[in-house]
**Student:** 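The structure follows.
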Amino acid sequence: MPELPEVETIKRYLNKAIVGQKIAEVEVLSKKQFSGRAKDIRGTKVIGLERRAKHLIVNFDNANSLLIHLKMTGQLVWTPRANADLPGKTTRIIIRFDKGTLFFNDMRKFGWIRILNKDQLDQELKRYGPEPFSKDFSIKYLQSIFQKTSKPIKTVLLDQEKIAGLGNIYANEALFEAKINPRKPAKALNQKEISRLKQAIVYVLKQGIKYEGSSAADEVYIKPDGSAGRYQQHFLVYQKQKQKCQKCGATIKRVNLGGRGTFFCPKCQV
DNA sequence: ATTGGGACCTGCTCGC
DNA sequence: TGCGAGCAGGTCCCAA
């Protein structure tokens, strides 16, 4: 599912494709997934893209922005010219530029696109926790949020208001990397574990970006050119239940935590 | 207040 | 073989 590395990959791709282009038209096929007035961006030029948590932000030269959330099955597919495959049956919103078209596909209709002005955008994004690559994402900060709760550490990692950008895949992988059991209460983590976890989160997210995101078996994430990411080839626990741990040979377990599939090595992760 | 669970959707898998 | 139940997961919303 699109988490930080997937959205970051899309951002980098679209940064090359659409910066400097003008919006010609916005066509909304699924009304509930779109809000705002298309006329507020029609004819304006894209000046840059940003990512905040799992959101993609497209900024225009009139201080308006598109705020995009792909949720689980959203895709952004860019085509410079007419393409017989697009729009497809899951295309929900079509954004036409001078030279090319951006298709927002979303099988399950959970994702959305909103048009916001600067104030609305800032208001909307301020509630999210620190970005894992920022200096605010410190051991001291993690200590302060972990000590406040006895929720399982994995549940805390998925809370966007505490840490921005982690989803189920990278939370599982980071906990394996840090050798921490996902069910361990957050407040039970010691300094050493918190330090390992912080490093592991940064590491797995960077790996995710390096391999351009995860397009696992049941994942619909693709890059804007329609090709797949490759991080799924580097999963060590996610969807590896019943397989052998690559570090110790024990069998990877799958449990349910907060309604989410949770994967870990019972021997490596204590 | 915090926390847990259902709702939102659709397509796929699994069991009867 | 056919069909329905269950599942998948990011986030919001409501209830205990």
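Only this structure's heavy atoms are used, side chains among them; waters, hydrogens and symmetry mates stay out. Order of the sequence lines fixes the chain letters, A, B, ..., with proteins taken first and strands second; residue numbering starts at 1 for each chain. Computed from a predicted model, the values in this text were never measured in an experiment.
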**Student:** When you check the side-chain N and O atoms of S214(A) and E6(A), is any donor under 3.5 Å from an acceptor?
**Tutor:**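 Their side chains do contain a donor-acceptor pair, which is all the 3.5 Å distance test asks for.
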
**Student:** Detail all sub-3.5 Å separations between protein N/O atoms and N/O atoms belonging to nucleotides 7-12 of chain B.
**Tutor:**
residue	atom	partner	partner atom	Å
dC9(B)	OP1	K32(A)	NZ	3.1
dC9(B)	O4'	R108(A)	O	3.4
dC9(B)	O2	R108(A)	NE	2.6
dC9(B)	O2	R108(A)	NH2	3.4
dT10(B)	OP1	K109(A)	NZ	3.0
dT10(B)	O2	R108(A)	NE	3.4

**Student:** Checking all strands, does G261(A) fall into the base, sugar-phosphate, or nothing category for heavy-atom contacts under 4.0 angstrom?
**Tutor:**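 Sugar-phosphate contact only - G261(A) comes under 4.0 Å of backbone atoms but never of a base.
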
**Student:** May I have the list of side-chain donor-acceptor pairs in residues 15-24 of chain A shorter than 3.5 Å, sequence neighbours left out?
**Tutor:**
residue	atom	partner	partner atom	Å
Q21(A)	OE1	K99(A)	N	2.8
Q21(A)	NE2	A17(A)	O	3.1
Q21(A)	NE2	K99(A)	O	3.0

**Student:** Tell me, please, which residues at least two apart from T91(A) pass side chain to side chain contact (heavy atoms under 4.5 Å, CB included).
**Tutor:**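 For T91(A) the side chain to side chain contact (heavy atoms under 4.5 Å, CB included) partners, ignoring immediate neighbours, are L29(A), L86(A), P87(A), I94(A), F103(A), N105(A).
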
**Student:** What pairs with D122(A) under side chain to side chain contact (heavy atoms under 4.5 Å, CB included), at least two apart in sequence or on another chain?
**Tutor:**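 Side chain to side chain contact (heavy atoms under 4.5 Å, CB included) list for D122(A), sorted by chain: K118(A).
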
**Student:** dG10(C), OP1 or OP2 - any side-chain N/O from H69(A) closer than 4.0 Å?
**Tutor:**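 Checking dG10(C) against H69(A), no side-chain N or O comes under 4.0 Å of OP1 or OP2.
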
**Student:** Can you check whether Y170(A) and Y231(A) have ring centres sitting under 6.0 Å from each other?
**Tutor:**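 Between Y170(A) and Y231(A), the centre distance is under 6.0 Å.
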
**Student:** Are Q160(A) and dT11(C) close enough that a side-chain N or O sits under 4.0 Å from OP1 or OP2?
**Tutor:**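 Checking dT11(C) against Q160(A), a side-chain N or O does come within under 4.0 Å of OP1 or OP2.
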
**Student:** If you take any heavy atom closer than 4.0 Å to DNA chain B, which residues from residues 148-155 of chain A end up in contact?
**Tutor:**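 T149(A), K151(A), in order of number.
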
**Student:** Residues in ring-ring contact (aromatic ring centres under 6.0 Å, His included) with F104(A), at least two apart?
**Tutor:**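 Here no residue qualifies.
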
**Student:** Could you tabulate the donor-acceptor pairs under 3.5 Å formed by side-chain atoms of residues 240-258 of chain A, not counting sequence neighbours?
**Tutor:**
none

**Student:** Table please: side-chain donor-acceptor pairs of residues 175-182 of chain A below 3.5 Å, with sequence neighbours left out.
**Tutor:**
residue	atom	partner	partner atom	Å
N181(A)	OD1	R183(A)	N	2.8
N181(A)	ND2	Q269(A)	O	3.4

**Student:** For Y13(A), give me all partners under ring-ring contact (aromatic ring centres under 6.0 Å, His included), at least two apart in sequence or on another chain.
**Tutor:**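 Expected list: none.
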
**Student:** Which string of ( ) [ ] | and . matches DNA chain B, if you list each base 5' to 3' and count Watson-Crick or G-U pairs only when both distances are under 3.5 Å?
**Tutor:** .|||||||.|||||||

**Student:** Mind listing the N/O atom pairs, protein and nucleotides 14-16 of chain C, below 3.5 Å?
**Tutor:**
none

**Student:** Considering only residues two or more places apart or on different chains, which pairs with a residue in residues 148-157 of chain A satisfy side-chain hydrogen bond (donor to acceptor under 3.5 Å, both in side chains)?
**Tutor:**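 Of all non-adjacent pairs touching residues 148-157 of chain A, those that pass side-chain hydrogen bond (donor to acceptor under 3.5 Å, both in side chains) are K154(A)-N168(A), K154(A)-T262(A).
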
